[in-house]
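Throughout, protein chains are lettered first and strands after them, A, B, ... in sequence-line order, and every chain is numbered starting at 1. No hydrogens, no waters, no symmetry mates; every other heavy atom, side chains included, goes into these values.
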2 protein chains.
Amino acid sequence: MKKITLKDIADHFGVSISTVSKAINDSHEISRDVKLKIRQYAKAHHYRPNRIALSLLKKSTNTIGVIVPNILNYFFTQVFYGIEKTANSRGYTVISCVSDESFIKEQQTMKLLSAGTVDGIIMSLAEQTQAKGDLQHILDVMENQIPMVMFDRVTDKVECDKIVVDDFEAGYKTTKYLLQTGCKKIAIVSSIFNSSVGKLRVEGYREALQEMGLDYDDKMVVKVGGADDLEILISLLLDSIAVDAIIALDEMTAVDTLNILKMKGIDVPDQISIVGFTNGRLSKYVSPALTMVSQHGKYIGELAANILMDRLAYEGDMPFTTKLVKTSLIERDSTRKVDKNHRAYQ
Amino acid sequence: MKKITLKDIADHFGVSISTVSKAINDSHEISRDVKLKIRQYAKAHHYRPNRIALSLLKKSTNTIGVIVPNILNYFFTQVFYGIEKTANSRGYTVISCVSDESFIKEQQTMKLLSAGTVDGIIMSLAEQTQAKGDLQHILDVMENQIPMVMFDRVTDKVECDKIVVDDFEAGYKTTKYLLQTGCKKIAIVSSIFNSSVGKLRVEGYREALQEMGLDYDDKMVVKVGGADDLEILISLLLDSIAVDAIIALDEMTAVDTLNILKMKGIDVPDQISIVGFTNGRLSKYVSPALTMVSQHGKYIGELAANILMDRLAYEGDMPFTTKLVKTSLIERDSTRKVDKNHRAYQ
DNA sequence: ATGAAAGCGCTAACAA
DNA sequence: TTGTTAGCGCTTTCAT
């Protein structure tokens, strides 16, 4: 059985296409019996109005496009999950694309999506794009009047709705927490030093140190690139400075760091505390279970989808908003307990 | 700037729409200079042909729909990643949907996708659908001439291309391996006893036992539902039988089981070996690192996408195929080393 | 070399 | 109550 259209039904009953259309849309203009037999026939033959034709006519696709940098990253998976669920519940379909942290792929994808395929876009910038700073492809989309929500990795150069994790506060809060547990020499291991997110966390860290009258030392911020050997970098760090805490800016690095320290016979958290970013699936299963910063990925996804769909539904203009989502520190066993006396001074 | 169409360009130059269309598509019918100025103008104004209009005309959307039961499950994330990458490289867009293991949601999603939105579908059945056994919605899609590839959780009731993990062999191989390491009392902990996948693994397990002349005991197969407390179920198991190996049918359960055994002061692997299914991100980070069965998710995704797109590109009919993808056992530290003498007998 | 017209599947204003 | 027509944006014959 081929796909059935209004025309097929019209021909079958010898009526006009518009009669069939009206009958199926339960118009009052159509007589009881005609309506009945047409609807019955349509149901029997699994008639479904062609969404493409509808989209062309209505100039709206009921579809939103999502571009995430890396779907294998649990944070983005969670965001995507939140988006999909929310969009779905409001009758939208989701086209999902992965930029794979590549500028070119992001650019191509934006072009594709802005060619009438989606009503709006939710995205987080690829690392390469952030490093490069070329955002023309995104500005083009905005000029095309396609509403967009950016989350997590955003940029000031584009005016649109944004949802950002309060990464500055997260860096600040985490550092403060470690200081409260009595740590003094806090290092950072970052695999995302090119992204806004990574930079903000480091700034928050810096602020917390400064507030306590501690010096910021560039050597304490270890940058790990794809090809680098984390073990060597950490060894170098530990050899030159008596570190007593490490903040890892992503989950994998946190776990890797933990394992490296364990291999070196260093006790966690007695000798060195570890806090990791992005509370995913790994952290609670390693031992000691890692204290982590949760970014509430699913919530961010829901929020992004709702903001976008609200804008799509709203006639007239809405000002752009930027929502700041706070992180939560999930205390587990890779950090010492907070020193009560010390805390009293805060 | 609003979205620009062929008509806008035609009006601007006082030519016909078809001239513009031809110019943009670099037709030889159009004169050098007209072509040049039109193309230039189009580029300057970011003209992009409307994909929806194209789809309607060509009766093909260059889009494939993917339905996975649970995107938070790393296996499915991997498959999705493979699909997205492959589809993209061949010029296809991916609409991704999550059934959330729900029959209703799967049904709705199928309807949506089959309304002309996609050229083909890749899917894995929701657990509820497998339990219920009602596949009408899927048969409808096939009747609508929409090519489909099912992977992992498939069904005999639908004729289409399929990719299945050789779960029988995986269960068999895993059991055999444990026997070779000297284990005799092997239990299974399953959270997916309703799915074809779960059943096949248990059958493979059974076969391996039988081959060695060992009895299959129903009590050795522990079924964990969502509300059940794994710890209690494992305690009950261990109290009644002197188990020396446990096969966990998903990664989370494997890790949970490991932690429960450790808490009970049971040594892994000396007292009890553990093998888990689906090699994800957790397994290698826990200690002892878990021996796991890898299902090659990304590869399955690539394969599914290629099979589907090959079929879409092919004129004339192709017979349906079912590919059986073998699993790999990744030996780590939660199992004993294979007993060489024992192996000699195999 | 350029344009007119038909048509993909559908809805909606307007006629009958 | 039913039908005719136009049009969403595009390509593709078939004139001109």
Visitor: Could you give the angle between the helix axes at the two ends of the helix from dA1(C)-dT16(D) to dA16(C)-dT1(D), with five pairs per end, rounded to 10 degrees?
Guide: 60°
Visitor: So, are D100(B) and K85(A) salt-bridged, with charged N and O less than 4.0 Å apart?
Guide: yes
Visitor: Atom CG of D33(A) to atom P of dT1(D): distance rounded to whole Å?
Guide: 10 Å
Visitor: Does H137(B) have any ring-ring contact (aromatic ring centres under 6.0 Å, His included) partners at least two apart in sequence or in another chain, and if so, which?
Guide: F103(B)
Visitor: Whether D8(B) and K3(B) form a salt bridge (side-chain N of Lys/Arg under 4.0 Å from carboxylate O of Asp/Glu) is what I want to check.
Guide: no
Visitor: Below 3.5 Å is the cut-off: list the nitrogen or oxygen pairs between protein and nucleotides 3-5 of chain D, distance only.
Guide:
unit_1	atom_1	unit_2	atom_2	d
dG3(D)	OP2	S16(A)	N	3.0
dG3(D)	OP2	S16(A)	OG	3.3
dG3(D)	OP2	T19(A)	OG1	2.4
dG3(D)	N7	S18(A)	OG	3.3
dG3(D)	O6	K22(A)	NZ	2.4
dT4(D)	O4	S18(A)	OG	3.1

Visitor: Between protein and nucleic acid, restricted to nucleotides 6-8 of chain D and to nitrogen or oxygen atoms under 3.5 Å apart, what atom pairs and distances do you find?
Guide:
unit_1	atom_1	unit_2	atom_2	d
dC8(D)	O3'	K59(A)	NZ	3.4

Visitor: Which pairs pass side chain to side chain donor-acceptor pair (under 3.5 Å) with one or both residues in residues 108-122 of chain B, sequence neighbours excluded?
Guide: T61(B)-D119(B)
Visitor: Grab the CG-P distance between N25(B) and dG9(D) for me, whole Å please.
Guide: 17 Å
Visitor: Inspect the contact between K7(A) and D11(A) and indicate whether a charged nitrogen and a carboxylate oxygen are less than 4.0 angstrom apart.
Guide: yes
Visitor: Sort and list the pairs that fulfil ring-ring contact (aromatic ring centres under 6.0 Å, His included) and have at least one residue in residues 77-102 of chain A, not counting sequence neighbours.
Guide: none
Visitor: Would you grab the first and last nucleotide of DNA chain C (5' to 3') that comes under 4.0 Å of any non-hydrogen atom in chain B?
Guide: dA1(C) to dG9(C)
Visitor: Kindly write out the residues that satisfy side chain to side chain donor-acceptor pair (under 3.5 Å) with S27(B), not counting sequence neighbours, or none if the list is empty.
Guide: none
Visitor: The criterion is side chain to side chain donor-acceptor pair (under 3.5 Å); which residues satisfy it with S196(B), sequence neighbours excluded?
Guide: Q130(B)
Visitor: Can you say whether the rings of Y41(B) and F13(B) are parallel (under 30°), tilted (30 to 60°) or perpendicular (over 60°)?
Guide: perpendicular
Visitor: In whole Å, I'd like the distance from the CZ atom of R32(A) to the C1' atom of dT2(D).
Guide: 17 Å
Visitor: Who passes side chain to side chain contact (heavy atoms under 4.5 Å, CB included) against A126(A), sequence neighbours left out?
Guide: S99(A), E101(A), E106(A), T129(A)
Visitor: Not counting sequence neighbours, which residues clear side chain to side chain donor-acceptor pair (under 3.5 Å) with E159(B)? List them please.
Guide: none
Visitor: Heavy atoms only, 4.0 Å cut-off, all strands: where does Y47(A) land among base, sugar-phosphate and nothing?
Guide: sugar-phosphate
Visitor: When we call it a touch if two heavy atoms are under 4.0 Å apart, what does S21(B) touch: a base, just sugar-phosphate, or nothing?
Guide: base
Visitor: Which donor-acceptor pairs under 3.5 Å do the side chains of residues 312-319 of chain B make with protein atoms, sequence neighbours left out?
Guide:
none

